[in-house]
2 protein chains.
Amino acid sequence: MKLTSKGRYAVMALVDLARFDNINPVSLRDISLRQGISLDYLEQIFSKLKKNEIVKSIRGTQGGYVLNKKPNDIKLTNIFHAVDEKVKTVQCKKESKKGCNGKATKCITHNLWDELETHINTFFENKSLKDLLNNNKETRI
Amino acid sequence: MKLTSKGRYAVMALVDLARFDNINPVSLRDISLRQGISLDYLEQIFSKLKKNEIVKSIRGTQGGYVLNKKPNDIKLTNIFHAVDEKVKTVQCKKESKKGCNGKATKCITHNLWDELETHINTFFENKSLKDLLNNNKETRI
DNA sequence: CTAAACTTGACTATTTTAGTCAGGTATATA
DNA sequence: TATATACCTGACTAAAATAGTCAAGTTTAG
């Protein structure tokens, strides 16, 4: 099980953004350069972040992106949800008629995977952008 | 981030095996039928489980597989490790010269991903086959 | 008016996943 | 001893997901 680049990039970019948006909007070009992420790819990601009201955009020269909420109110859950990074541990549909794998009985490890999913999601719900900013004060450039 | 079928199947198959191996070795054919997993795929998986000394094999008619340890001593970690299901949250090599993404500075979210990885692995280290058997006593066929 | 920056949608190479397929070899049992 | 059952091994492959690229815009500060 691995985290995709899209999810990782989204978080990296937002942390980067959060550190610099106090004064002016931050351009994707800058984030791209600082974080080593393709500009085109960042554009896709920020389009989703915007749709989910995590960031606001300002067009034109000197434009860029700004956080749309306080860092403390942006949880990893929100970010991942925005970019479609979901935690999936089971194949079977929840509450489907037949249960798991088209079988009559619930698959024997179903509870386990549900537990795992909850365990991971809890982590994401308890981490906000603010936590990450605090974490990185030491290594601030 | 999602769990692959290989990891999920490995656990499902072992739980199935653990429930039936008290008397005789369990054939992959039976597991395949009960769990709805392709026999050929199961063979690949069990080859790895055997190499990692999680199961023993008995060849020939009436043969099959048997657990090689007590259910309490088989943790999810061991199973996942055996079938190469690893938890990967970072792209960058740990302790590489350049740090993350070929950059001079450690990527700003590195600690976060390490934390996440640990969080998930802790779950796997604390769950054993025995826990799963207990969990499913109610639904036992 | 023009360069910087956001906006949108389509396209694609690569990698991973989830298997299949085709041959084996060992052994219990009749 | 014949045979069916079951393990064993390696190569192959279709489909999906990932991680982007590419092209053609629109907006706006200066």
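Letters A, B, ... are given to chains in the order of the sequence lines, protein chains preceding strands, and every chain is numbered from 1.
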Per-nucleotide protein contact along nucleotides 25-30 of chain C, 5' to 3', at a 4.0 Å heavy-atom cut-off (B base, S sugar-phosphate only, - neither), is BBBB--
Side-chain N,O (S57(B)) to OP1/OP2 (dC8(D)) below 4.0 Å
yes
What protein N or O atoms touch nucleotides 16-23 of chain D N or O atoms at under 3.5 angstrom, if any, and at what distances?
{"from": "dA19(D)", "atom 1": "OP1", "to": "S5(A)", "atom 2": "N", "distance (Å)": "3.4"}
{"from": "dA19(D)", "atom 1": "OP1", "to": "S5(A)", "atom 2": "OG", "distance (Å)": "3.2"}
{"from": "dA19(D)", "atom 1": "OP2", "to": "S5(A)", "atom 2": "N", "distance (Å)": "3.0"}
{"from": "dG20(D)", "atom 1": "OP2", "to": "Y9(A)", "atom 2": "OH", "distance (Å)": "2.8"}
{"from": "dG20(D)", "atom 1": "N7", "to": "Q44(A)", "atom 2": "NE2", "distance (Å)": "3.4"}
{"from": "dT21(D)", "atom 1": "OP2", "to": "S38(A)", "atom 2": "OG", "distance (Å)": "2.6"}
{"from": "dT21(D)", "atom 1": "O4", "to": "Q44(A)", "atom 2": "NE2", "distance (Å)": "2.6"}

What's S27(B) touching, base or sugar-phosphate or nothing? Going by heavy atoms closer than 4.0 Å.
sugar-phosphate
When rounded to whole Å, the NZ to P distance for the pair K51(A) and dT7(C) reads 11 Å
How many Å lie between CG on N24(A) and P on dT28(D), as a whole number?
17 Å
What does V55(B) touch in the nucleic acid at a heavy-atom separation under 4.0 angstrom: a base, only the sugar-phosphate, or nothing?
nothing
Got a sec, which pairs hit side-chain hydrogen bond (donor to acceptor under 3.5 Å, both in side chains) with one end in residues 37-63 of chain B, sequence neighbours left out?
K48(B)-D84(B), K50(B)-S57(B)
dC7(D) OP1/OP2 closer than 4.0 Å to side-chain N/O of K50(B)
no
In terms of ring plane angle, is the pair F80(B) and F124(B) parallel, tilted or perpendicular, where the classes change at 30° and 60°?
perpendicular
Looking at every strand, decide which applies to Y65(B) at a 4.0 Å heavy-atom threshold: base, sugar-phosphate, or nothing.
sugar-phosphate
Atom pair distance, as rounded to whole Å: CD1 in I31(B) and P in dC7(D)
8 Å
M12(B) and V66(B): same hydrophobic cluster, using ILVMFWY side-chain contacts below 4.5 Å?
no
Exercise: identify the closest heavy-atom pair between V26(B) and R34(B):
CG1-NH2, 3.6 Å
How many Å lie between CD1 on I45(A) and P on dT7(C), as a whole number?
15 Å
Would you kindly give the NZ-to-P distance between K88(B) and dT17(C), to the nearest whole Å?
11 Å
Give a yes or no on whether L42(A) and I58(A) share a hydrophobic cluster (residues Ile, Leu, Val, Met, Phe, Trp, Tyr; joining criterion: side-chain heavy atoms under 4.5 Å apart).
no
Could you tell me how far apart K48(A) (NZ) and dC6(C) (C1') are, to the nearest whole angstrom?
17 Å
Do you know which two heavy atoms are closest between S128(A) and P71(A), and how far apart they sit?
CB-O, 3.6 Å
Expressed as a whole number of angstroms, how long is the span from L42(B):CG to dT20(C):C1'?
14 Å
